[in-house]
Trainee: 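Mind looking over this structure? Questions follow.
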Amino acid sequence: MPTNQLTAGVCSLLNEPQHTEDLLNSTPIVQILSVKKVHSNPNAPNPVDRYRIIVSDGEHFLQSMLATQLNHFVDEGKIQKNTICRLDKFTCNMVQEKRLLIVLEISVLEQCEEKIGSPAGLQIPPGDAAVTPSTANQTPAAHHTAAATGGATASTSNTTTPAARGQGARSGRGPTTFPIEGLSPYQNNWTIRARVTNKSDIRTWSNQRGEGKLFNVTFMDETGEIRGTAFNLAVDALYDKLEEGKVYYVSKAKVNLAKKQFSNVANEYELGLEKNTEIEECRDSSSFPVVRYNFIDLAKLQEMAKDSICDVIAVVKETGDATEFTSKFGRTSTKRELTVVDRSGYSVRLTLWAKNAEKFTNTDSPVVALKGVKVGDFGGRNLSMSSSSTLEINPDIPECHALRGWFDASGNSENFQSHTNSFSGAGGAATFNRSELMSIEEVKAKDLGTSDKTDFFSTRATVMHLKADNIAYPACPTQGCNKKVFDQHDGWRCEKCDRSFEKPEYRYIISMAVSDHTGQAWFQGFNELGETLFQRPANDLVAIRERDEAKFNKLVEDVNGHQFNFTCRAKQDTYNETTRVRYGVQKILPLDYAEEARHLIELLSSPWAQ
DNA sequence: CCCCCCCC
């Protein structure tokens with residue numbers, strides 16, 4: 001294999017920052033010497049692995065990263081050790097005192113048997129740190145000018161700030177800004193050029209450690225995304241400067257380790273935005289990448305686990321009203337439910353919150369594109385936006401135009417299948433459905449809950465036996481927490497709330513046998529079920545157990561023989577390597593005999609009874 | 001320094 005197949009010398013040129021900019025428009029040919037997977041935090045809700053590669057021009061080699069959108073080249077085996085590639089688009093920066101090449105677009109040319117030449121490592125050129133990153137001694141305003149000059153539109157220069165006009169504009173394709181992917185706490189002087197894909201409302205908090213306000217933004221560039229957070233004074237300084245969808249130069253923010261469990265933004269780090277953080281709009285952003293999607297069909301939601309994150313694009317078939325609600329934490333907010341459909345023939349309910357719920361208007365069944373939307377299992381499957389989800393309405397992307405065409409031509413009049421299971425209608429999941437009452441025999445015969453999905457059913461049954469041991473557990477008294485607490489020397493400790501309480505609040509945990517005229521089953525349930533069965537809070541029952549065991553036993557026995565209407569969920573469960581269907585009680589309704597009698601009269605007067 | 005993301 002001849003050495004001259006590769007673009008000799010490109011690695012050493014890329015290693016010297018003064019040459020980098022001239023090379024950015026070239027498409028050098030290199031050999032991949034090694035490919036190594038860099039694992040992201042596996043506990044993150046949306047972990048994204050990356051590939052570190054070493055590229056060689058036959059003379060020297062250079063450390064490099066593949067942008068995540070190129071991962072599939074490695075996953076599909078197209079890029080491996082010794083593959084010859086053309087770098088169609090890349091950036092190159094100092095990262096942790098090393099030159100790091102980030103490959104944004106690549107073409108695979110051929111697979112080679114062995115290493116070409118004897119490439120050597122490169123030294124960091126002297127004085128490199130002083131000139132890189134290239135943005136170190138420039139203000140964002142200076143970038144602004146350079147971008148306008150490098151860009152195509154004359155009008156952008158009219159919007160240049162006075163401060164920027166005096167700066168010497170640079171030739172070529174504009175300044176090299178720092179890639180988001182290269183940001184790390186070891187990096188001091190950097191400027192990113194990034195689009196705001198998400199900006200939260202201003203939120204306030206108040207807890208043991210204090211109180212304040214904050215907001216979050218998500219920044220995205222060609223190499224990746226990063227979440228930014230501003231607190232208190234920084235909120236006042238920066239909130240109005242940032243607008244969703246616009247592109248900004250951002251510098252002088254702090255790079256912190258991200259607590260990945262709290263966000264699905266794919267970055268190990270987060271930006272701490274401070275009041276002196278510099279944010280300048282980049283008005284020439286026409287060529288800047290917009291949100292990158294990885295759409296899945298609505299039909300595919302069936303296979304997605306509850307709480308997983310995905311991107312979908314669909315047509316809005318129905319739009320619910322914006323409704324106010326109060327959360328269990330006492331906060332008032334707005335939600336709006338949409339029904340969306342796609343070409344897979346499925347419809348699914350999608351919940352928008354707060355701002356998105358308020359401002360959404362259905363003008364002619366728009367297409368909605370969502371990134372990072374959460375899958376729920378209510379009534380089969382549903383989608384819900386979360387703080388880091390993004391919503392675009394009628395985005396100018398091919399998938400949107402294709403959907404529009406399909407819907408207007410035929411989709412409009414199609415019938416759609418919902419993920420809601422066939423045994424209960426939408427919303428039937430937690431509502432007692434008298435017209436669809438099933439006997440226990442039917443529940444078992446229809447194998448409810450034996451597939452991967454959850455089934456819901458309503459039944460009327462009589463309590464036959466209650467397991468008296470473990471009837472309640474000590475729970476955290478914090479409203480809405482319900483976590484089990486542990487008796488420690490300083491009180492009852494809640495891991496979740498990170499504090500101790502003098503006394504726990506007991507909550508029921510019920511396992512009981514029920515039966516009707518067709519058969520018997522075990523139902524499981526929690527506090528609401530127990531309170532209905534015992535007509536007293538679990539604290540009281542536990543107190544009775546400690547004081548007078550005979551009375552406790554009597555109370556447990558007294559529950560037997562009572563008949564109730566139940567709404568249950570049937571779900572497959574694996575415990576100790578045994579798989580079985582468990583029936584969870586979602587609702588227990590004491591019989592209202594007047595209502596039951598009215599229903600019987602209705603049945604008797606129906607044509608079927610004559 | 002937040003980290004709630006609700007409901008039916």
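Worth saying up front: this structure is predicted, and the values here are computed from it rather than measured. Chain A is the first sequence line, chain B the second, and so forth, proteins listed ahead of strands; every chain is numbered from 1.
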Trainee: Round to the nearest Å and state the distance from A:L352 atom CG to B:dC6 atom P.
Mentor: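 In whole Å, B:dC6 P and A:L352 CG are 13 Å from each other.
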Trainee: Rounded to whole angstroms, how far apart are CG on A:D498 and P on B:dC1?
Mentor: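 Taking CG of A:D498 and P of B:dC1, I get 13 Å after rounding.
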Trainee: Using the side-chain heavy atoms of A:E337, tell me which of these nucleotides is nearest: B:dC1, B:dC8, B:dC6.
Mentor: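 Among the listed nucleotides, the one closest to the side chain of A:E337 is B:dC8.
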Trainee: Is any side-chain nitrogen or oxygen of A:K254 closer than 4.0 Å to OP1 or OP2 of B:dC1?
Mentor: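 For B:dC1, neither OP1 nor OP2 has a side-chain N or O of A:K254 closer than 4.0 Å.
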Trainee: Can you identify which nucleotide, out of B:dC2, B:dC1, B:dC5, has its nearest atom closest to the A:R203 side chain?
Mentor: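 That would be B:dC2.
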Trainee: Give one of base, sugar-phosphate or nothing for A:S333, where a contact means two heavy atoms less than 4.0 Å apart.
Mentor: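 Nothing: the residue A:S333, judged by heavy atoms under 4.0 Å, touches no strand.
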Trainee: Need one value for A:E270: base, sugar-phosphate or nothing, where a base atom within 4.0 Å counts as base even if backbone is also close, heavy atoms only.
Mentor: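 A:E270: base contact, heavy atoms under 4.0 Å.
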Trainee: Do A:R493 and A:S500 have side-chain atoms, one donor and one acceptor, less than 3.5 Å apart?
Mentor: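 Side-chain D/A pair, A:R493 to A:S500: present.
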Trainee: Over how many whole Å does the gap from A:K374 atom NZ to B:dC6 atom C1' extend?
Mentor: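 In whole Å, B:dC6 C1' lies 10 Å from A:K374 NZ.
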Trainee: Between A:K355 and B:dC5, is there a side-chain N or O to OP1/OP2 distance below 4.0 Å?
Mentor: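 No, outside the criterion.
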Trainee: Using whole Å, report how far CZ of A:F231 lies from C1' of B:dC1.
Mentor: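 Result: 5 Å.
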Trainee: Could you give the CG-to-P distance, from A:D307 to B:dC5, as a whole number of Å?
Mentor: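 Roughly 10 Å, once rounded to whole Å.
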Trainee: Taking only distance into account, with no hydrogens and no angle test, what donor-acceptor pairs under 3.5 Å do side-chain atoms of residues 203-211 of chain A form with protein atoms, sequence neighbours excluded?
Mentor:
from   : atom 1 : to     : atom 2 : distance (Å)
A:N207 : OD1    : A:R209 : N      : 2.9
A:N207 : OD1    : A:G210 : N      : 3.2

Trainee: Taking only residues two or more places apart in sequence, or in another chain, which ones meet A:T351 in a side-chain hydrogen bond (donor to acceptor under 3.5 Å, both in side chains)?
Mentor: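 If we apply the side-chain hydrogen bond (donor to acceptor under 3.5 Å, both in side chains) test to A:T351, skipping adjacent residues, the hits are A:E337.
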Trainee: How close or far is atom P of B:dC6 from atom CG of A:L350, stated in whole angstroms?
Mentor: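 Taking CG of A:L350 and P of B:dC6, I get 13 Å after rounding.
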Trainee: To the nearest Å, how far apart are A:W205 CH2 and B:dC5 P?
Mentor: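 Between P of B:dC5 and CH2 of A:W205: 18 Å.
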Trainee: Is it true that the side chains of A:N482 and A:R507 contain a donor and an acceptor less than 3.5 Å apart?
Mentor: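 There is such a pair (donor and acceptor under 3.5 Å, judged by atom type) between the side chains of A:N482 and A:R507.
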Trainee: Looking only at side-chain N and O atoms, does A:S344 offer a donor or acceptor that is under 3.5 Å from a partner on A:D297?
Mentor: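 No, no side-chain donor-acceptor contact under 3.5 Å.
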Trainee: Nearest whole angstrom, please: distance from the P of B:dC2 to the NZ of A:K199.
Mentor: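 Computing the A:K199:NZ to B:dC2:P distance gives 21 Å.
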Trainee: Taking only the side-chain nitrogens and oxygens of A:W353, find out if one of them lies under 4.0 Å from OP1 or OP2 of B:dC6.
Mentor: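 For B:dC6, neither OP1 nor OP2 has a side-chain N or O of A:W353 closer than 4.0 Å.
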Trainee: Between B:dC3 and A:R227, counting only base atoms on the nucleotide and side-chain atoms on the residue, is there a donor-acceptor pair under 3.5 Å?
Mentor: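 Counting by modelled atom types and ignoring angles, a donor-acceptor contact under 3.5 Å is found here.
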Trainee: NA contact type, A:R336, heavy-atom cut-off 4.0 Å: base, sugar-phosphate, or nothing?
Mentor: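 No contact.
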